[in-house]
Protein chains: 2
Amino acid sequence: MTKAERTRKAILDQAFELIYQNGYQATSIDKIIDTTAVTKGAFYYHFKNKEEMGIAMIKEMIAPRIAQTLLHPLQKWENPIEAIYESIAQKLHKDLDVNVEFGCPTNNLVQEMGPLNLRFHQTLRGVLDHWIKTIETKIELGKAAGFIRAEVNAHDVAAYVVLSYEGLKSTGKIYGRSLYESYLKQLRSYLESLS
Amino acid sequence: MTKAERTRKAILDQAFELIYQNGYQATSIDKIIDTTAVTKGAFYYHFKNKEEMGIAMIKEMIAPRIAQTLLHPLQKWENPIEAIYESIAQKLHKDLDVNVEFGCPTNNLVQEMGPLNLRFHQTLRGVLDHWIKTIETKIELGKAAGFIRAEVNAHDVAAYVVLSYEGLKSTGKIYGRSLYESYLKQLRSYLESLS
DNA sequence: CCCTAAAAATACTATATAGTATGTTTTGAT
DNA sequence: ATCAAAACATACTATATAGTATTTTTAGGG
């Protein structure tokens, strides 16, 4: 990795953290560069403007994190009920104490920027589409293998799983880890009703 | 209502709309007063600062709206499964086309301000506590009346209902009304698994 | 080594923002 | 009607912000 590439990555790393904790609009470019060894000239050399940086941050930081922590683990179990439950349970377990109060980076941006900026809207939709589609495929395979009842609508269930996860992350900002535990119990009971 | 009371209400009305659509931090006091027949002097006569106005807006605008559109309707059905499903379904039906892209006012603020400001955190927690408690009580009554299995944990279910509703409102900013429909199907199936 | 383009640094502008200072008008009790 | 307090209006300050203009440094192929 060249020095320029490292500069670019340093900006995106810092932007990810600050935006995750404070929101996109509340994160100023000055704050990003002040807390990094990067100047304004370097910032605007690598990114046309704040919006381009934000979109790059979603594509290069957020999307890969989702793939690694929520999508890849799905393939460790054949039964979709186990796969969905365990992938989420393990992710939430890792997040405990560290990330609870700041929620989910994707959902934070969906909430804040979805209605305000078309490019954010579209880019974030791509991230969610991919996640939902991956779960949906897992469920279809599970139906073929007899783990899930045939009349279950895979897309509806996948969307509902994602939506309730995001609801947990959002409401969890207020209620913390106790909500995580009660969520997991209800998620399991919901998923088992599909078999 | 006196003229001063009407001025105060005009500020809160406008603040509610702008904050709902753009977020709290992105809503400037200048924008609020420019789009109302109110000056800065009037604003700061009625509210010590922006934070006090925001807290007042939650207590006087958001909390009553939740009570009227989601809590009171719960009492129209004796069976908690019907009550929860119908109260939410009717609320969502009313929101269609109008409020979908901007989500839920409460959840928007929980997301944005929960981690950043203790007073917002506490005030919003009060709003959610009240909603969850109301559903919880409804479920307990339903258990006594034989509508719900005795071993169901009323609090966990109530929290899960609220959390998934907020997840819908949040993710719904991206997916719109189609998500509302698939959510309602899954909500019904989940609730029926409690009987 | 040298020289050009990439990469980065510095200084600046224009605008937006929360809040204040100070003044004027309106209201309602006497 | 009077007058004090409530209610509102106007002008201002200090700071933060996205972005630009301009200059300087650094990297790497010849």
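In what follows, every chain begins at residue 1, and chains take the letters A, B, ... in the order their sequences are listed.
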Please tabulate the protein-to-nucleotide N/O contacts below 3.5 Å involving nucleotides 22-30 of chain D, giving atom names and distances.
none

- Message: Please determine whether a side-chain nitrogen or oxygen atom of A:His46 lies at a distance below 4.0 Å from atom OP1 or OP2 of C:dA8.
- Response: yes

- Note on the structure: When rounded to whole Å, the CZ to P distance for the pair B:Phe47 and D:dA7 reads 12 Å

- Task: Could you run through nucleotides 16-21 of chain C and give me one letter per nucleotide, 5' to 3': B if any protein heavy atom sits under 4.0 Å from the base, S if only the sugar-phosphate is that close, - if neither?
- Result: -BBBB-

- Query: Taking atom P of D:dT15 as reference, at what distance in whole Å does atom CG of A:Asp34 sit?
  - Reply: 16 Å

- Query: Rounding to a whole Å, what distance do you find between B:Tyr45:OH and D:dT10:C1'?
  - Reply: 18 Å

- Please list, chain by chain and in numerical order, all residues satisfying salt bridge (charged side-chain N to carboxylate O under 4.0 Å, His left out) with A:Asp95, sequence neighbours excluded. A:Lys91, A:Lys169

- Note on the structure: Quick note, salt bridge (charged side-chain N to carboxylate O under 4.0 Å, His left out) partners involving residues 141-168 of chain B, not counting sequence neighbours, are A:Lys185-B:Asp156, B:Glu140-B:Lys143, B:Arg149-B:Glu151

- Task: List for me each residue that meets salt bridge (charged side-chain N to carboxylate O under 4.0 Å, His left out) alongside B:Glu86, sequence neighbours excluded, and say none if there are none.
- Result: none

- Among pairs that include at least one residue of residues 58-73 of chain B, which meet side chain to side chain donor-acceptor pair (under 3.5 Å), considering only residues two or more places apart or in two chains? B:Arg8-B:Glu60

- Message: Under the rule for side-chain contact (heavy atoms from CB on, under 4.5 Å), what residues qualify as partners of A:Gln21, not counting sequence neighbours?
- Response: A:Glu17, A:Phe102

- Message: I'd like to check the side-chain contact (heavy atoms from CB on, under 4.5 Å) partners of A:Thr7; sequence neighbours left out, ordered by chain and number.
- Response: A:Ile11, A:Val38, A:Ala42, A:His46

- Message: I'd like to know whether B:Trp131 forms a ring-ring contact (aromatic ring centres under 6.0 Å, His included) with B:Tyr165, so could you lay out the CA-CA distance, the side-chain angles of the two residues, the decisive distance to 0.1 Å, and finally the verdict.
- Response: CA-CA 12 Å; B:Trp131 187 9; B:Tyr165 174 87; 5.2 Å; yes

- Note on the structure: The complete set of salt bridge (charged side-chain N to carboxylate O under 4.0 Å, His left out) pairs with one or both residues in residues 35-50 of chain A, sequence neighbours excluded, reads A:Asp30-A:Lys40

